[in-house]
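See below for the structure under consideration.
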Amino acid sequence: MSIKMKFSFLITLIVLTFFIFYHMLSEYTMIHGMREQVRQSMQDTSMHVANSFSSYEQKSGRDSIIEEDHSGPEHIFDIVKSLNPNIKEITVFEQDSLSVLFGTYTYLDSTSDHSNLSDVKNTGFALRKMQINGKFYFRSYYSTELTGNYIISVVYDGEGIKHLINQRRNDSLIYTGITMVLVLIISYWMVGVMIKPLKDILWKVNEVSSARFQQPIHIKRKDEFGLLALKVNAMSQNLSIYMSKLRKAFEENRRMKEHLESFINHSSDAIHLIDLDGKVIQVNRAFELLFGYEEEEAIGLYYPILPDSHKAEMRQMLNQLLTGKVLPAQETMRLTKTGEMIPVSVTISPIRDSDGTIRAFASISRDMRSRNKMEELLRRSEKLTTVGQLAAGVAHEIRNPLTTLRGFLQLQQESKKLTLSYVALMLSELDRINLIVGEFLILAKPQATRFITKDVRDVLQDVIALMNSEALLHDIEFLVSFTEEQCLISCEENQLKQVFINLLKNAIEAMPSGGRIHIQITNKREFISIAVTDEGMGIPAEMISKIGDPFFTGKETGTGLGIMVSQRIINSHRGSMDIKSQVNVGTTVNVVLPALKEAGENVILEEQA
């Protein structure tokens, strides 16, 4: 049912309720009025009959009336009945009894009549309703001074009054029905006029629900419907703008999702997502190939590839990510489905929602087995290259003194004499060969190294004390600038002292006329910086790149192996060495070593070749 019909029925129902109430009130008023009308008519009739009967009685006497013919009063009664057909009977009773003096008494109800006869003496007129043989009648009782000791009773036909009431009631119902039909038609028309803009609004709403926003509603009314149409047009326009933006955003998100899925699925690195509890929620194809888990098997597992020995490490990493830190790639071990431990490089990144809250973690694992094998091959290749360079250098360096020895021996063989000056030169050449071979053995001999925790300031202070006497002989002054903070490192003390001795010895030899050597130690939290600066002649720029090569040196008596050994020691300590120099200004050697955050860290044991 349409809203127009509902409004029409509602208005009709309201009007119908009003008419029912009005009809009930009209019915009550009509019945009451008819009764009063009947009462007044019967009272007037009774008065008329009483007046006529009183006049008749005065002309005659009471005795003559009894004796004469009854046609006198009966004639009056007939006239009254002819004037009002609803009057069925007129009876004249004595006041003290029900004796009928005139008229007829066919509508009998002696018990009620007797009680009413006694009441009429006080009121003068009484009316009651009675039922005889299923029909309704009204009987009136009238008594005045004119009637003397008589009571005039009139019987009125109630069926006629009832018929009249029913007729009026039917007429009222007909009028009500006609009025209701007219009200329904008029209300239907009026409601149609009132809600006519609602059809356009409903049409527009259907258009909007179908994502068609082009045509607006054309309503010029200024009432609530006009305002509603204006708001619907504005809403449609805004929805059109938002839908366009939403389509663009959806298309962009779809393309981005496809790109990400393609990147994840085609990436050679194993990628898996875990929630905050460590449960796997997504893996890619590379993860399945690397660790042996199918996607259905891996999803729902808690840390399936994490060895028990690395769980504390993982918890620490996740806690750091939750605090907002960015972690670099870390080389560690992971466990495959078959129980094999494999080296991987792991990068863990947080996944945040629109509010910035971390909801999950993305872990990218790169298989390091191939790279480690290649690095091992490279290290072996570098060793072979170094061995070849060392062998060539040693052969070159030893060949010169051997040539000298061979020449002097041939001279003495030919002269068959022992020349002491030649013997001294031969011994010096043998000493040089011994020096070269000794440093070569130090460089090549494998050594078991024990790393312990030391303060680098103490190590360098011991070296300074050792070299101080030699510095004084060459008119050299050490200027020391050490930080007051602890500078703890994990090191092999003797090897590190050898490095510092080489650096200070080179600085002393670079200043034959004396000068100052600046020694500075700085704690930069993550690492310790040791800088040694001299004021010597400096090193040309083209020679700096060759420093550290075997047997490359700028000194007349040097072997070139000291810096090479020092660089190797620093590299074994996971540090670096940097050389900067300027001719006729000086040279600065900067050694950087990783710092220990706590003094109680575990000692590192390594074997070096």
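Note that these values count all heavy atoms, side chains included, but never hydrogens, waters or copies made by symmetry. The structure presented is a predicted model; accordingly, all values stated were derived computationally and were not measured. One is the number of the first residue; the rest follow in order along the sequence.
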**Message:** Run the side chain to side chain contact (heavy atoms under 4.5 Å, CB included) test on Ile342 and Met333 for me, step by step, so that the C-alpha distance in whole Å, both residues' side-chain angles and the decisive distance to 0.1 Å come before the verdict.
**Reply:** CA-CA 6 Å; Ile342 59 175; Met333 303 297 291; 5.6 Å; no
**Request:** Step by step, work out the side chain to side chain contact (heavy atoms under 4.5 Å, CB included) result for Met314 and Leu318.
**Result:** CA-CA 6 Å; Met314 176 61 72; Leu318 296 182; 4.0 Å; yes
**Asked** Going through the distances and angles, do Leu335 and Leu306 end up as a side chain to side chain contact (heavy atoms under 4.5 Å, CB included)?
**Response** CA-CA 6 Å; Leu335 190 65; Leu306 186 66; over 6 Å; no
**Asked** Do Ser581 and Val583 pass the side chain to side chain contact (heavy atoms under 4.5 Å, CB included) test, and can you show the C-alpha distance, the side-chain angles, and the key distance before you say yes or no?
**Response** CA-CA 7 Å; Ser581 182; Val583 178; over 6 Å; no
**Message:** For Glu313 and Gln330: C-alpha separation, side-chain torsions, deciding distance, then whether side chain to side chain donor-acceptor pair (under 3.5 Å) applies.
**Reply:** CA-CA 11 Å; Glu313 174 189 351; Gln330 180 177 0; 2.7 Å; yes
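Side-chain atoms of Phe500 and Asp462, non-hydrogen and from C-beta on, never get closer than 4.5 Å to each other. Contact annotation: the side chain of Val346 never approaches that of Ile364 to less than 4.5 Å [non-hydrogen atoms, C-beta and beyond]. Using a 4.5 Å heavy-atom threshold, the side chains of Pro343 and Arg369 count as touching. At a threshold of 4.5 Å between non-hydrogen side-chain atoms, the residues Leu504 and Ile517 count as touching. Using a 4.5 Å cut-off on side-chain heavy atoms (C-beta onward), Ile271 and Phe287 make no contact. Using a 4.5 Å cut-off on side-chain heavy atoms (C-beta onward), Ile521 and Leu460 make contact. The side-chain heavy atoms of Val592 and Asp578, taken from C-beta on, include no pair separated by under 4.5 Å. Counting heavy atoms from C-beta on, the side chains of Arg371 and Glu331 come closer than 4.5 Å.
Judged purely by atom type and a 3.5 angstrom limit, Glu251 has no side-chain atom pairing as donor or acceptor with the backbone of Lys248. Judged by distance alone, the side chain of Asn468 and the main-chain N or O of Ile464 form no donor-acceptor pair under 3.5 Å. Put simply, the side chain of Arg457 gets close to the backbone of Thr483: a donor and an acceptor are under 3.5 Å apart. Counting only distance, with no hydrogens or angles, the side chain of Asp355 and the backbone of Thr357 share no donor-acceptor pair below 3.5 Å. With hydrogens and angles ignored, the 3.5 Å screen pairs a side-chain donor or acceptor of Glu492 with a backbone N or O of Gln495.
Contact between Phe361 and Leu322 at its shortest, heavy atoms only, is CZ-CD2, 3.8 Å. In terms of heavy atoms, Ala362 sits closest to Ile351 at CB-CD1, 4.0 Å. When all heavy atoms of Pro307 and Met341 are compared, the closest pair comes out as CG-CE, 3.6 Å. Of all the heavy atoms in Ser363 and Ile348, the pair that sits closest is OG-CG1, 4.1 Å. Closest heavy-atom contact between Leu290 and Ala270: CD2-CB, 3.8 Å. Between Ser490 and Leu596 the shortest heavy-atom distance is N-CD1, 3.7 Å.
In this structure, the separation between CD on Gln567 and OG on Ser576 is 10.5 Å, given to the nearest 0.5 Å. In this structure, the separation between CG on Asp455 and SG on Cys487 is 5.5 Å, given to the nearest 0.5 Å. Distance CE/Met467 to CD1/Ile476: 10.5 Å, rounded to 0.5 Å. Distance check, rounded to the nearest 0.5 Å: CD of Glu477 to NE2 of His518 gives 8.5 Å. For the atom pair Leu496 CG and Ile530 CD1, the distance stands at 7.0 Å (nearest 0.5 Å). Taken to the nearest 0.5 Å, the CD1 atom of Ile501 stands 12.0 Å off from the CG atom of Asn506.
The pair Glu252-Arg255 fails the salt-bridge criterion, with no side-chain N (NZ, NE, NH1 or NH2) lying under 4.0 Å from an Asp/Glu carboxylate O. Taking a cutoff of 4.0 Å between a charged side-chain nitrogen and a carboxylate oxygen, Glu297 and Lys337 qualify as a salt bridge.
The 12-atom threshold is not exceeded at NZ of Lys279, counting heavy atoms of other residues, nucleotides or ligands nearer than 6.0 Å. Other residues, nucleotides and ligands place no more than 12 heavy atoms under 6.0 Å from the CD atom of Glu484. Atom CZ of Arg334 has more than 12 heavy atoms from other residues, nucleotides or ligands within 6.0 Å.
No side-chain donor from either of Thr522 and Ser529 sits under 3.5 Å from a side-chain acceptor of the other.
None of Asp353, Asp277, Asp275 except one satisfies the salt bridge (Lys or Arg N to Asp or Glu O under 4.0 Å) rule with Arg359; the exception is Asp353.
Residues passing the side-chain hydrogen bond (donor to acceptor under 3.5 Å, both in side chains) test with Lys454: none are found, sequence neighbours excluded.
Within the 6.0 Å centre-distance limit, the rings of Phe451 and His573 are counted as a close aromatic pair.
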